[in-house]
Amino acid sequence: MNTYKNQKPFPQYLSKPIQVLWFELDELIIFIFTLTFALIYGGFMWVIFIAMQWSYTRTKRKHARGFLKHILYMLGLIEMKGYPEYFEKEFHE
């Protein structure tokens with residue numbers, strides 16, 4: 001397959017998302033985040049853990065790829081390089 005050492009395999013399709021088990025990367029982030037809180041605080045957090053995972057997966061299936069990144073951009077939590085701020089009404093290229 002790879003003839004050179006320290007080379008990572010190239011994905012077969014460029015649009016194929018990275019997956020760990022059956023989770024895509026954004027689902028895995030939410031899974032680990034809510035699981036951590038559920039393990040620390042217990043009790044009702046387990047209900048929130050299941051509800052968050054279920055609702056995000058259902059919502060994600062209805063929207064385009066990159067849904068989480070665009071939501072975080074809209075909330076102002078991340079910046080996207082080369083894009084204007086979300087709340088700018090007018091900008092010039």
Side-chain angles (χ1 to χ4, degrees):
M1 182 163 48
N2 289 332
T3 57
Y4 301 104
K5 291 183 180 180
N6 299 327
Q7 218 178 25
K8 294 182 180 179
F10 196 76
Q12 184 177 4
Y13 303 105
L14 291 176
S15 62
K16 185 177 178 184
I18 298 172
Q19 285 190 322
V20 177
L21 297 175
W22 56 88
F23 295 116
E24 290 183 13
L25 190 58
D26 54 345
E27 289 175 301
L28 185 65
I29 291 168
I30 290 176
F31 177 82
I32 291 172
F33 182 74
T34 55
L35 178 65
T36 302
F37 277 101
L39 289 171
I40 292 172
Y41 297 110
F44 188 69
M45 288 302 290
W46 286 105
V47 175
I48 293 173
F49 165 69
I50 293 168
M52 282 282 290
Q53 197 63 37
W54 179 78
S55 64
Y56 183 74
T57 302
R58 276 185 64 110
T59 305
K60 183 181 174 178
R61 288 181 186 154
K62 295 178 184 175
H63 291 81
R65 184 166 293 168
F67 171 69
L68 179 63
K69 188 172 184 178
H70 286 90
I71 292 295
L72 294 175
Y73 170 70
M74 183 184 76
L75 295 173
L77 299 175
I78 63 170
E79 291 182 11
M80 295 176 83
K81 192 174 182 177
Y83 286 85
E85 294 296 318
Y86 181 77
F87 296 105
E88 287 186 32
K89 299 284 183 199
E90 190 175 310
F91 64 95
H92 303 282
E93 292 185 46

Audit row: T34, Q53, side-chain hydrogen bond (donor to acceptor under 3.5 Å, both in side chains) steps and yes/no: CA-CA 8 Å; T34 55; Q53 197 63 37; 4.6 Å; no
Would you give the length of the straight line joining atom [atom1] of [X] to atom [atom2] of [Y], rounded to the nearest 0.5 angstrom?
{"X": "I30", "Y": "K60", "atom1": "CD1", "atom2": "NZ", "value": "9.0 Å"}
{"X": "F31", "Y": "T36", "atom1": "CZ", "atom2": "OG1", "value": "9.5 Å"}
{"X": "E27", "Y": "M52", "atom1": "CD", "atom2": "CE", "value": "12.0 Å"}

Is the backbone of W54 close enough, under 3.5 Å, to the side chain of T57 for a donor and an acceptor to pair up by distance? no
Taking it one step at a time, do L39 and W46 satisfy side-chain contact (heavy atoms from CB on, under 4.5 Å)? CA-CA 8 Å; L39 289 171; W46 286 105; 3.6 Å; yes
State, with a plain yes or no, whether a side-chain heavy atom of F49 is found less than 4.5 Å away from one of L35. yes
